Amino acid sequence: MRIAICDDEAVQLQLIANYVEEYQNIYHQPLTIECYSNADALLFAYQEDYAIPILLLDIQMKGLNGMELAKLVRKYSKDTIIIFITGVSDYVYDGFNVLALNYLMKPIKKEQLFACLDKAIEKLNTQQPTIALCCDKQWLRFPVKDILYVESDGHYLDVYTKKQCYHVKKTMKEMEEALPTSLFFHLSRSYLIQLEAIEKINTQTLWMSNGQCIPIPKGKYRLLSKAFIAHHFKEAK
């Protein structure tokens with residue numbers, strides 16, 4: 001899980017990073033810590049794929065400040081966790097407007113940060129997983145469960161959702177890595193299938209909930225059937 005820290009004071013940036021690393025080691029959390037000395041650099045990284053779920057932001061920074069950054073982030077996602085770490089209390093009410101999880105005052109106390117990280121990770125674990133895809137030079141985010149199946153189309157993928165099809169420049173391997181293996185089955189080089197979206201299966205064909213018929217490659221029926229049964233048995237427990 002990626003966590004980004006943004007502070008234009010090098011000493012504070014390193015201190016917070018050390019605390020997060022200590023938290024990671026104590027509680028065995030698989031965190032990837034990213035440090036940024038200005039908000040513009042973090043915004044650029046965030047806009048690459050919108051896949052940084054936790055942001056620790058100072059507010060008073062030169063150029064784009066932390067509150068302005070938070071407002072921009074909220075245009076793309078309501079799910080990203082924002083925690084402000086700052087030396088002034090003037091922006092507390094603005095923090096509510098951008099749905100900040102918490103507002104910590106400097107000098108920061110390690111125990112307070114640990115409690116915030118606990119709450120952030122707990123909140124993320126209860127959220128419905130989402131995925132961000134770039135389509136027609138525009139980034140879109142939607143729930144993973146909305147994806148029925150993915151079909152390869154040359155150097156692109158056609159991502160079929162409950163509402164429409166999105167044509168995205170992405171490899172099947174990249175898509176497979178971005179989606180939960182417990183929910184999606186790699187049927188062939190051409191298809192990635194959501195197990196819950198399957199309506200019916202026989203030895204040669206499967207039918208999706210949108211009515212699409214997809215051929216089952218030779219030798220894949222038994223594996224698909226096993227994955228389908230295992231997933232639905234797990235759901236029924």
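Residue numbers start at 1 and run along the sequence shown. What you are looking at is a predicted structure, and each value in this text was computed from that prediction instead of being measured.
A donor-acceptor contact shorter than 3.5 Å links the side chain of Arg74 to the backbone of Ser77. Between the side chain of Glu174 and the backbone N or O of Thr171, at least one donor-acceptor pair lies under 3.5 Å. Checking side-chain atoms of Asn38 against main-chain N and O of Ala41 turns up a donor-acceptor pair under 3.5 Å. The main-chain N or O of Met61 is never found under 3.5 Å from a side-chain atom of Asn65 such that the two would form a donor-acceptor pair. Side-chain atoms of Gln194 come within 3.5 Å of backbone N or O of Lys145 as a donor-acceptor pair.
Using the six-membered ring where Trp is involved, Tyr149 and Tyr160 have ring planes that are parallel, under 30° apart on the 30 and 60° scheme.
No side-chain donor-acceptor contact under 3.5 Å links Asn25 and Glu21. For the residue pair Tyr221 / Gln204, no side-chain donor-acceptor distance below 3.5 Å is found, with atom types taken as modelled. No side-chain donor from either of Tyr46 and Glu48 sits under 3.5 Å from a side-chain acceptor of the other.
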Point to revise | Pair Lys71-Asp94, salt bridge (charged side-chain N to carboxylate O under 4.0 Å, His left out): steps then yes or no | key: CA-CA 10 Å; Lys71 290 176 181 178; Asp94 290 327; 5.2 Å; no
Exercise for review: I would like to know whether Cys6 and Leu56 meet side chain to side chain contact (heavy atoms under 4.5 Å, CB included); could you show each step before the answer?
Suggested key: CA-CA 6 Å; Cys6 188; Leu56 304 181; over 6 Å; no
**Study point:** Derivation and outcome, side chain to side chain contact (heavy atoms under 4.5 Å, CB included), residues Leu224 and Phe185
**Key:** CA-CA 7 Å; Leu224 173 60; Phe185 181 81; 3.6 Å; yes
Practice item. Kindly determine whether Glu34 and Ile52 satisfy side chain to side chain contact (heavy atoms under 4.5 Å, CB included), including the steps that lead there. Key: CA-CA 9 Å; Glu34 303 176 17; Ile52 308 178; 3.9 Å; yes
Review point. Would Glu22 and Asn18 count as a side-chain hydrogen bond (donor to acceptor under 3.5 Å, both in side chains) if you check the C-alpha gap in whole Å, the side-chain angles of each, and the deciding distance to 0.1 Å?
Key: CA-CA 6 Å; Glu22 185 177 344; Asn18 290 343; over 6 Å; no
**Study point:** Verdict with supporting geometry, Leu101 and Lys119, side chain to side chain contact (heavy atoms under 4.5 Å, CB included)
**Key:** CA-CA 8 Å; Leu101 181 71; Lys119 190 174 180 180; 3.9 Å; yes
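Thr32 places none of its side-chain heavy atoms less than 4.5 Å from the side chain of Ile3. A 4.5 Å side-chain heavy-atom check between Tyr76 and Gln47 finds at least one atom pair inside the cut-off. Here the side chains of Leu140 and Leu133 are not in contact, with every heavy-atom distance at 4.5 Å or above. Between Lys220 and Ser188, the closest side-chain pair of non-hydrogen atoms is not below 4.5 Å. Put simply, the side chain of Ile198 does not reach to within 4.5 Å of the side chain of Trp207, judged on heavy atoms. Gln12 has its side chain out of reach of Ile85: every pair of non-hydrogen atoms, C-beta onward, lies at least 4.5 Å apart. Leu183 is listed as a side-chain neighbour of Val144, based on a closest heavy-atom distance under 4.5 Å. At least one side-chain heavy atom of Met208 sits less than 4.5 Å from a side-chain heavy atom of Ile214.
Salt-bridge formation is not detected for the pair Lys123/Asp79: no Lys NZ or Arg NE/NH1/NH2 atom is positioned less than 4.0 Å from an Asp or Glu carboxylate oxygen. The pair Asp136-Lys169 does not meet the salt-bridge criterion, since no charged nitrogen lies less than 4.0 angstrom from a carboxylate oxygen.
For the atom pair CD1 (Ile216) and NZ (Lys218), the distance works out to 14.5 Å, reported to the nearest 0.5 Å. Put simply, NE2 on His231 and CZ on Phe184 are 9.5 Å apart, with the number rounded to the nearest 0.5 Å. The structure places SG of Cys35 at 4.5 Å from CD1 of Ile5, a figure rounded to the nearest 0.5 Å. Interatomic distance, Met175 CE to Lys170 NZ, rounded to the nearest 0.5 Å: 6.0 Å. The CG atom of Leu31 lies 5.0 Å from the CD atom of Gln24; values are rounded to the nearest 0.5 Å. Taking CD1 of Ile59 as the reference point, atom CG of Leu69 lies at 11.0 Å (rounded to 0.5 Å).
Nearest heavy-atom pair, Ile201 versus Phe228, reported as atom, atom and distance to 0.1 Å: CD1-CG, 3.9 Å. Scanning both residues, Asp7 and Glu9, for their nearest heavy atoms gives OD1-N, 2.8 Å. Arg189 approaches Met172 most closely through the heavy-atom pair O-CE, 3.9 Å. Of all the heavy atoms in Pro53 and Leu124, the pair that sits closest is CB-CD1, 3.8 Å. Of all heavy-atom pairs between Gln60 and Thr86, the closest is N-OG1, 4.5 Å. Smallest separation of non-hydrogen atoms from Ala70 and Ile82: CB-CD1, 3.8 Å.
Both Ile83 and Ile121 are part of a single hydrophobic cluster, where members link through side-chain heavy atoms under 4.5 Å apart. Linking Ile, Leu, Val, Met, Phe, Trp and Tyr residues whenever their side-chain heavy atoms come within less than 4.5 Å leaves Leu55 and Ile33 in two separate clusters. Residues Leu72 and Leu57 fall within the same hydrophobic cluster, defined by Ile, Leu, Val, Met, Phe, Trp and Tyr side chains chained together at heavy-atom separations under 4.5 Å. Hydrophobic clustering, with ILVMFWY side chains joined whenever heavy atoms are under 4.5 angstrom apart, keeps Ile16 apart from Leu42. Linking Ile, Leu, Val, Met, Phe, Trp and Tyr residues whenever their side-chain heavy atoms come within less than 4.5 Å leaves Leu192 and Leu195 in two separate clusters.
The distance between the ring centers of Tyr19 and Tyr23 does not fall below 6.0 angstrom. Between Phe142 and Tyr166, the gap from one ring centroid to the other is short of 6.0 Å.
Other residues, nucleotides and ligands contribute more than 12 heavy atoms inside 6.0 Å of the CD atom of Glu177.
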